[in-house]
There are 2 protein chains.
Amino acid sequence: MTKDIEQRLKSKNIKPTAMRLLVLDFLMQQNTAISLNDLEKGMGPSDRITLYRTLKTFEEKGLVHHIEDGTGTTKYALCMEECDDHHHHDLHVHFYCNNCKETFCLPNTKIPQISLPEKFRSEEMNLVIKGVCDRCNPG
Amino acid sequence: MTKDIEQRLKSKNIKPTAMRLLVLDFLMQQNTAISLNDLEKGMGPSDRITLYRTLKTFEEKGLVHHIEDGTGTTKYALCMEECDDHHHHDLHVHFYCNNCKETFCLPNTKIPQISLPEKFRSEEMNLVIKGVCDRCNPG
DNA sequence: CTAACTTTGCAATAGCATTGCATCACAATT
DNA sequence: AATTGTGATGCAATGCTATTGCAAAGTTAG
């Protein structure tokens, strides 16, 4: 089981240190995107900056993507398998729940094609939808 | 001409003070979304916090909307006429140019309907497209 | 004119992101 | 096994933006 995590790191060219195994393990247990703070609290006692840099490394290597959900604090979530180093999260939608304040990836909800004005060229897209999530929605 | 600006403030139930007239005038001259910093530099010598609160007031009253373009710093731009107090910017797309680092409103580019997973309810949407803008695009 | 309310300006704070540097772990090479 | 180099970690410190508290100034209504 640790083997899987280790393998996942190696496949992205990330040296599997103890810290990184822990962080990745923790990330894999989440079903929402989390902030650096959440990570710090969720892990055992560990250095905030190291966690920060770990996330950054993960992001550079295409293991994690970050989300600006409009709250002002950056959230992080694991990439789906298809991501490579340079194209994360371009396609799927993120959802911020106004009720529980959680941020979700909606990996199956893709951003449709948008036709831009003349001479604008698109390289990345980022769509955040705010509303009420399935768990907070009555009925 | 100052009359127009004054009228625009009044029509949104904002008391037209000297400061506010200046800020609105400045905003009307912009064709990109600007940060608080830009505003501070662009105006004569004035208090940063007052400018901050002026923008906030404008936003509450539906005159201005803010954009999180992914750079980490909030940008502000005038709303189109159709905005009312509660529904700004929900519909149009924002564009961030990776080259000139400017953020634009694309008022004529609307966000298409997205079908969310079961039991997710949408209240707001925010789409930022990054790429190269018309002015930076060769040819 | 005076009282009530709003706006403005200054000071101070909070919070997140980010960098510098020194130490430590590890891996490779001799 | 010792040495050297590279990357990872931890601590300290900083920067920047957003945000609040409070007092002074300005505005409006009675």
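Lettering of chains follows the sequences in order, A, B, ..., and the numbering in each one begins at 1. Since the structure is predicted, the reported quantities are computational estimates derived from the model, not experimental observations.
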Task: Residue closer to the 5' end of DNA chain D, B/Lys15 versus B/Arg53 (nearest nucleotide) - done: B/Arg53
TODO: Please list, by residue number, the residues of residues 68-77 of chain A whose heavy atoms come closer than 4.0 Å to an atom of DNA chain C; answer none if no residue qualifies.
DONE: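 Residues of residues 68-77 of chain A that come under 4.0 Å of DNA chain C are, in numerical order, A/Thr73, A/Thr74.
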Open item on the list: Within residues 34-47 of chain A, which residues have any heavy atom lying less than 4.0 Å from an atom of DNA chain D?
Closed with: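 Output list: A/Asp47.
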Phosphate-side-chain proximity, [X] and [N], N/O vs OP1/OP2 below 4.0 Å:
X	N	answer
B/Thr50	C/dG9	yes
B/Thr17	C/dT8	yes
A/Tyr52	C/dC16	no
A/Lys56	C/dT19	yes

Open item on the list: Tell me if a side-chain donor or acceptor on A/Asn98 pairs with a main-chain N or O of A/Val132 at a distance below 3.5 Å.
Closed with: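 Such a contact is absent between A/Asn98 side chain and A/Val132 backbone.
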Task: Polar side chain donor-acceptor pair, B/Glu59 to B/His66, under 3.5 angstrom - done: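 There is such a pair (donor and acceptor under 3.5 Å, judged by atom type) between the side chains of B/Glu59 and B/His66.
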Over how many whole Å does the gap from [X] atom [atom1] to [N] atom [atom2] extend?
X	N	atom1	atom2	answer
A/Leu55	D/dA8	CG	C1'	15 Å
B/Glu60	D/dT19	CD	P	12 Å
A/Leu22	D/dT9	CG	C1'	13 Å
A/Arg48	D/dT9	CZ	P	17 Å
B/Ile14	D/dT27	CD1	P	18 Å

Open item on the list: Test of understanding: with salt bridge (Lys or Arg N to Asp or Glu O under 4.0 Å), list the residues that count as partners of A/Lys10, not counting sequence neighbours.
Closed with: A/Glu6
Task: salt bridge (Lys or Arg N to Asp or Glu O under 4.0 Å) against A/Arg135, all qualifying residues, sequence neighbours excluded - done: none
Task: A/Met19, nearest nucleotide to its side chain (from D/dT9, C/dT18, D/dT20) - done: D/dT9
Using residues 28-35 of chain A as the side-chain source, report each donor-acceptor pair under 3.5 Å to any protein atom, sequence neighbours left out, with the distance given to one decimal.
| unit_1 | atom_1 | unit_2 | atom_2 | d |
| --- | --- | --- | --- | --- |
| A/Gln29 | NE2 | A/Asp25 | OD2 | 3.3 |
| A/Gln30 | NE2 | A/Phe26 | O | 3.1 |
| A/Thr32 | OG1 | A/Glu102 | OE1 | 3.2 |
| A/Ser35 | OG | A/Asn37 | N | 3.3 |
| A/Ser35 | OG | A/Asp38 | N | 3.1 |
| A/Ser35 | OG | A/Asp38 | OD1 | 3.4 |
| A/Ser35 | OG | A/Asp38 | OD2 | 3.1 |

Task: Exercise: identify the closest heavy-atom pair between A/Ile114 and B/Lys110 - done: CD1-O, 4.5 Å
TODO: Classify the nucleic acid contact of A/Arg20 as base, sugar-phosphate or nothing, counting any heavy atom under 4.0 Å across all strands shown.
DONE: sugar-phosphate
Mind listing the side-chain donor-acceptor pairs of residues 67-76 of chain B below 3.5 Å, one per line with the distance, residues two or more places apart or on another chain?
| unit_1 | atom_1 | unit_2 | atom_2 | d |
| --- | --- | --- | --- | --- |
| B/Asp69 | OD1 | B/Thr71 | N | 2.9 |
| B/Asp69 | OD1 | B/Thr71 | OG1 | 2.6 |
| B/Asp69 | OD2 | B/Lys75 | NZ | 2.7 |
| B/Asp69 | OD2 | B/Thr103 | OG1 | 2.6 |
| B/Thr71 | OG1 | B/Thr73 | N | 3.3 |
| B/Thr71 | OG1 | B/Thr73 | O | 3.4 |
| B/Thr71 | OG1 | B/Thr73 | OG1 | 3.2 |

Open item on the list: Between B/Arg48 and B/Glu40, does any side-chain N to carboxylate O distance fall below 4.0 Å?
Closed with: yes
